[in-house]
Amino acid sequence: MKIALGSDHGGYLLKEKVKEHLKEKGIPFEDFGAYSQESVDYPVYAAAVAEKVAAGEFDKGILICGTGIGISIAANKVKGIRAALCGDTFSARMARMHNNANILTMGERVIGPGLALDIVDVFLKTEFEGGRHQRRVDLITKMED
Ligand code: RB5
C-alpha cells in the first residue's frame with residue numbers, strides 16, 4: 001500500500017506527525033507538500049494528491065488543512081475521488097466500508113494528534129464491503145460522466 005500525503009499550512013504540523021507514524025509502521029508514502037507553515041492555497045495540494053490517487057499511482061491519499069473542509073471539497077472535484085472528512089474513528093471505518101473512500105481528510109485545528117493517528121490507522125486497514133454499497137458508489141461514479 002502506497003499513500004499520497006498533502007496539506008496546506010494549516011495541516012502541515014499534523015501531516016508531519018502522520019509521516020512519522022507511517023514511517024514507524026513501514027507504510028510507504030510520498031509527501032506532495034506543503035513543506036512548511038508558510039501560507040499557501042489548499043486546492044493546489046488537494047489536486048496534487050487527488051490526481052495521483054485517481055491515476056492509480058497511489059492506493060490512498062491523506063489530506064489535511066485547518067478544518068479538513070476546504071481540502072475535502074477541492075479533492076472531490078477530481079474524477080474518481082471519494083474524499084471523506086473524518087473527525088472520529090467510526091466515520092473513518094464507515095467511509096471505507098460503505099463509501100469506498102480513497103482519500104481521508106482531517107482538520108488539524110479540529111482534532112488532536114492522538115485521535116488523528118487512530119483515524120489514519122482505521123482508514124488504512126478497513127476494507128470496502130461491496131454488495132449494496134458498490135451499487136451506491138457506482139451511482140456516484142455515474143454522476144461524474
Ligand atoms: C487556512 O487558513 C484555512 O482556511 C484552511 O486550512 C482550511 O481550514 C480551509 O478549509
Side-chain angles (χ1 to χ4, degrees), residues 1-19 21-23 25-35 39-145:
M1 174 165 29
K2 212 170 149 205
I3 309 300
L5 289 180
S7 76
D8 70 354
H9 54 289
Y12 171 76
L13 292 177
L14 180 55
K15 174 160 61 66
E16 291 305 296
K17 289 197 166 74
V18 170
K19 280 163 65 176
H21 188 66
L22 295 180
K23 260 184 221 162
K25 297 201 151 235
I27 299 172
F29 65 84
E30 194 169 328
D31 182 359
F32 290 91
Y35 301 113
S39 185
V40 290
D41 300 326
Y42 58 79
V44 172
Y45 304 93
V49 166
E51 277 159 16
K52 293 288 177 188
V53 173
E57 291 177 42
F58 289 80
D59 301 294
K60 290 192 181 75
I62 299 175
L63 286 168
I64 307 166
C65 67
T67 59
I69 296 170
I71 214 155
S72 165
I73 292 171
N76 276 314
K77 298 291 180 196
V78 175
K79 195 173 171 178
I81 291 304
R82 290 175 301 279
L85 170 57
C86 297
D88 61 90
T89 52
F90 180 79
S91 298
R93 188 174 303 110
M94 290 302 132
R96 289 288 310 129
M97 285 172 69
H98 287 191
N99 313 116
N100 200 12
N102 47 14
I103 293 185
L104 165 67
T105 72
M106 297 185 290
E108 181 187 306
R109 297 171 185 160
V110 181
I111 55 173
L115 175 57
L117 298 183
D118 277 356
I119 289 171
V120 166
D121 288 345
V122 168
F123 187 82
L124 296 184
K125 78 174 182 210
T126 306
E127 297 294 331
F128 179 46
E129 254 182 21
R132 67 188 188 282
H133 302 296
Q134 183 64 61
R135 184 177 70 244
R136 292 159 188 168
V137 169
D138 288 345
L139 285 168
I140 297 173
T141 304
K142 236 172 136 184
M143 291 168 70
E144 295 177 329
D145 299 323

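A quick note: this is a predicted structure, and the numbers were derived from the prediction, not measured.
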First locate atom [atom1] of [X], then atom [atom2] of [Y], and finally report the distance between them rounded to the nearest 0.5 Å.
| X | Y | atom1 | atom2 | result |
| --- | --- | --- | --- | --- |
| I73 | T67 | CD1 | OG1 | 8.0 Å |
| F123 | N102 | CZ | CG | 7.0 Å |
| L63 | L104 | CG | CG | 8.5 Å |
| F58 | I103 | CZ | CD1 | 11.5 Å |
| K52 | L5 | NZ | CG | 14.0 Å |
| S72 | R82 | OG | CZ | 13.5 Å |

Does [X] [atom1] have over 12 foreign heavy atoms under 6.0 Å away?
| X | atom1 | result |
| --- | --- | --- |
| F90 | CZ | no |
| E127 | CD | no |
| D41 | CG | no |

Of all the heavy-atom pairs spanning [X] and [Y], show the shortest one and how long it is.
| X | Y | answer |
| --- | --- | --- |
| D31 | K19 | OD2-NZ, 2.8 Å |
| F32 | A48 | CB-CB, 4.3 Å |
| I111 | C86 | CD1-O, 4.3 Å |
| T141 | D145 | O-OD2, 3.7 Å |
| A75 | A50 | O-CB, 4.0 Å |
| M106 | L14 | CE-CD2, 4.4 Å |

**Asked** With D138, which of R135, Q134, K142 fulfils side chain to side chain donor-acceptor pair (under 3.5 Å)?
**Response** Q134
Does [X] reach the main-chain N or O of [Y] with its side chain, forming a donor-acceptor pair under 3.5 Å?
| X | Y | result |
| --- | --- | --- |
| D8 | G10 | yes |
| E108 | I64 | no |
| D88 | S91 | yes |
| E144 | G80 | yes |
| K60 | M1 | no |

**Prompt:** How are the rings of H98 and H133 set relative to one another: parallel (under 30°), tilted (30 to 60°) or perpendicular (over 60°)?
**Reply:** parallel
**Asked** How far apart are the C-alpha atoms of K25 and L124, what are their side-chain angles, what is the distance that settles it, and do they pass the side-chain contact (heavy atoms from CB on, under 4.5 Å) test?
**Response** CA-CA 11 Å; K25 297 201 151 235; L124 296 184; over 6 Å; no
**Item:** Evaluation steps, side-chain contact (heavy atoms from CB on, under 4.5 Å), between E30 and E57
**Value:** CA-CA 11 Å; E30 194 169 328; E57 291 177 42; over 6 Å; no
**Message:** Could you walk me through whether V137 and F128 satisfy the side-chain contact (heavy atoms from CB on, under 4.5 Å) test, starting with their C-alpha distance in whole Å, then the side-chain angles of each, then the deciding distance to 0.1 Å, before giving a yes or no?
**Reply:** CA-CA 11 Å; V137 169; F128 179 46; 4.1 Å; yes
**Message:** For a 4.5 angstrom cut-off between non-hydrogen side-chain atoms, does D121 reach H21?
**Reply:**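 Yes, at least one pair of side-chain atoms sits under 4.5 Å.
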